[in-house]
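Keep in mind that the numbers below use all heavy atoms, side chains included, and drop hydrogens, waters and symmetry copies. Keep in mind that this is a model prediction, so the values were computed, not measured. Both counts, for ligands and for their atoms, begin at 1 and track the order of listing.
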Amino acid sequence: MSCCDQPGLQPVEQALETLLSSAQAITDTEMVPVEQALGRVLAADQQSTVDVPPADNSAMDGFAFNSADIQKTGKTTLPLSQRIPAGVAPQALQPGTAARIFTGAEVPIGADTVVMQENCQWDDGSDNDSSGDKSHVTLPAEPKAGDNIRPQGQDIQSGSRIMCRGHRIKPQDMGLLASVGIAEVPVYRRLKVAVLSTGDELVEPGEQLPPGHIYNSNRYTLAGQMKALGFDYIDLGIVPDNFEATEQALRQAADKADCIVTSGGVSVGEEDHVKACVEKLGSLDLWKLAIKPGKPLAFGHVLGKPILGLPGNPAAVFVTCAIVARPFLLKCQGVDDLKPIPIQVIADFDRPKPAKRQEYLRAKLVLDDNGVAHAEIAGNQSSGVLSTASVGNGFAIHPLGGTIKMGEPVQFLLFSDLLF
Ligand code: AMP
Ligand code: MG
């Protein structure tokens, strides 16, 4: 990939590599109950000390028997010798008999096959008769040996690793941990991320909007993004456009948080103080990223804490946070899986000009009548337009140097993959 059209602009992938190579994962850990582990990041591999299931069990309500008994005698009617509901430890199967068995119940030693009850005829009165006296079952003519048994260890074998360090715990992982008897897990403590919005023009929602002002939206977009990613969000509010206030806010942020995220004030205008302040308190590189929206992006350190200076425009904040800040912060949180995998869908739009910056188009995934997924542009793509991020459900990627043709494949990143 080349960005020869605009020398000096860094391709997104390249910038991400640099950024990620400088990310230091936190090391503090804590134990949490599995029930509260959703979204947390495992600080150690998890191994099972049990087989799941712990013994062969029945996949059906039916009858358990030994297939050799039928093969030997040719008789398919067997006396019933025991009744095994789930939760009961069975006795070894008496040779030449069958056992009434229910879904999930342990298959008795000596039985190798279960036939579902719908395929059997049996002495109804015996069903509640645990002695099994006089009761019997007639099995189908040629039952398949081994059928309907879920073997011991089919899901997990004792001693096997079920999850790795760096894994972010999803609902099904909570169930899996519980299935091997793990009640609590070591996780990294939540990454503390301080967020501040710069700008003299900003007013909080709920307040009167004086002339020349706008409502602060970045604070809320970022709060949502930080919370969706599971971080400990530290809200430092609005910082006015002056050097002293910016320095004070940055000192406070560095004191309280592991990482700092700011919005606005990273251009090179007279009212943009973030860069100068960070340079006083540490170091800052202003990056010109080949990304649209969001070209100006700052990265550096304040009193030893990493700082990501996002642009001010609301859509640019959403994009750069999702594409650039997210993987960096997740790596600092100890996560190993940092890159969402784009899906390929059909473009319902044309972008005939080669992109000079990789463009993350707010787009909407829709299904056509044949069930094929298409990406539609969500509307205005200006960096100040946030409504299209709300209408859309993902980014269609217009790759650096490439074009997009209506009806041809385009890469699509779902917001749901970027907000987790
Ligand atoms: P800046 O990078 O500070 O020059 O900001 C670029 C543009 O984004 C300006 O139009 C700002 O008014 C706007 N902007 C900056 N911060 C915010 C914010 N927190 N909420 C909404 N718009 C913002
Ligand atoms: Mg500003």
Show every salt bridge (Lys or Arg N to Asp or Glu O under 4.0 Å) that has at least one partner inside residues 401-417, sequence neighbours left out. none
Keeping the roles fixed (side chain from R40, backbone from Y188), state whether a donor-acceptor pair exists under 3.5 Å. yes
Can you list the ligand 1 atoms lying under 4.0 Å from a non-hydrogen atom of I214? 12 (O), 21 (C), 22 (N), 23 (C)
Taking all heavy atoms of T198 and all of L202, pick out the closest pair and write down the distance. O-CD1, 3.4 Å
Who's the nearest protein heavy-atom neighbour of atom 19 (N) of ligand 1, and how far? N216 OD1, 2.7 Å
Answer yes or no: is there an ion pair linking K305 with D258, defined by an N-O contact shorter than 4.0 Å? no
Considering only protein heavy atoms, which is closest to atom 21 (C) of ligand 1, and at what distance to one decimal place? S217 OG, 3.4 Å
Minimal heavy-atom distance between V107 and S58, with the atoms involved, is CG2-N, 3.7 Å
Whether F395 and F318 hold their rings parallel, tilted or perpendicular, with breakpoints at 30° and 60°: tilted
Taking only non-hydrogen atoms of P314 and a 4.0 Å limit, the atoms of ligand 1 in range are 21 (C), 22 (N)
Under 3.5 Å, is there a donor-acceptor pair between the Q46 and R165 side chains? no
Nearest atoms (heavy-atom pairs only) where P143 meets V115: CB-CG2, 3.7 Å
Does the N or O separation between P311 and ligand 1 drop below 3.5 Å for any pair? no
Lys/Arg-Asp/Glu bridge criterion (N-O < 4.0 Å) met for K339, E13: yes
List the closest protein heavy-atom neighbour of atom 11 (C) of ligand 1: residue, atom name, distance to the nearest 0.1 Å. E201 OE2, 3.1 Å
If we only count N/O pairs under 3.5 Å, is G265 in contact with ligand 1? yes
Looking only at protein heavy atoms, what sits closest to atom 17 (C) of ligand 1 is N218 ND2, 3.0 Å
Answer yes or no: does an N/O atom from R219 fall short of 3.5 Å to an N/O atom of ligand 1? no
Proximal ligand 1 atoms for Y215, defined as those under 4.0 Å from one of its heavy atoms: 20 (N), 21 (C)
Minimum-distance protein heavy atom relative to atom 4 (O) of ligand 1: D272 OD1, 4.0 Å
Check contact between G199 and ligand 1, using heavy atoms of the residue and a distance below 4.0 angstrom. no
Nearest non-hydrogen protein atom to atom 7 (C) of ligand 1, with distance, is N313 OD1, 3.4 Å
Against heavy atoms of T198, which atoms of ligand 1 measure under 4.0 Å? 16 (N)
Between ligand 1 and S197, is the shortest N or O to N or O distance under 3.5 Å? no
Is a side-chain N or O of H273 found less than 3.5 angstrom from the main chain of C277, in a donor-acceptor match? no
Nearest-contact summary for atom 5 (O) of ligand 1 - protein heavy atom, Å: G312 CA, 3.6 Å
Pull out every atom of ligand 1 sitting under 4.0 Å from any heavy atom of S267, numbered as shown with elements. 2 (O)
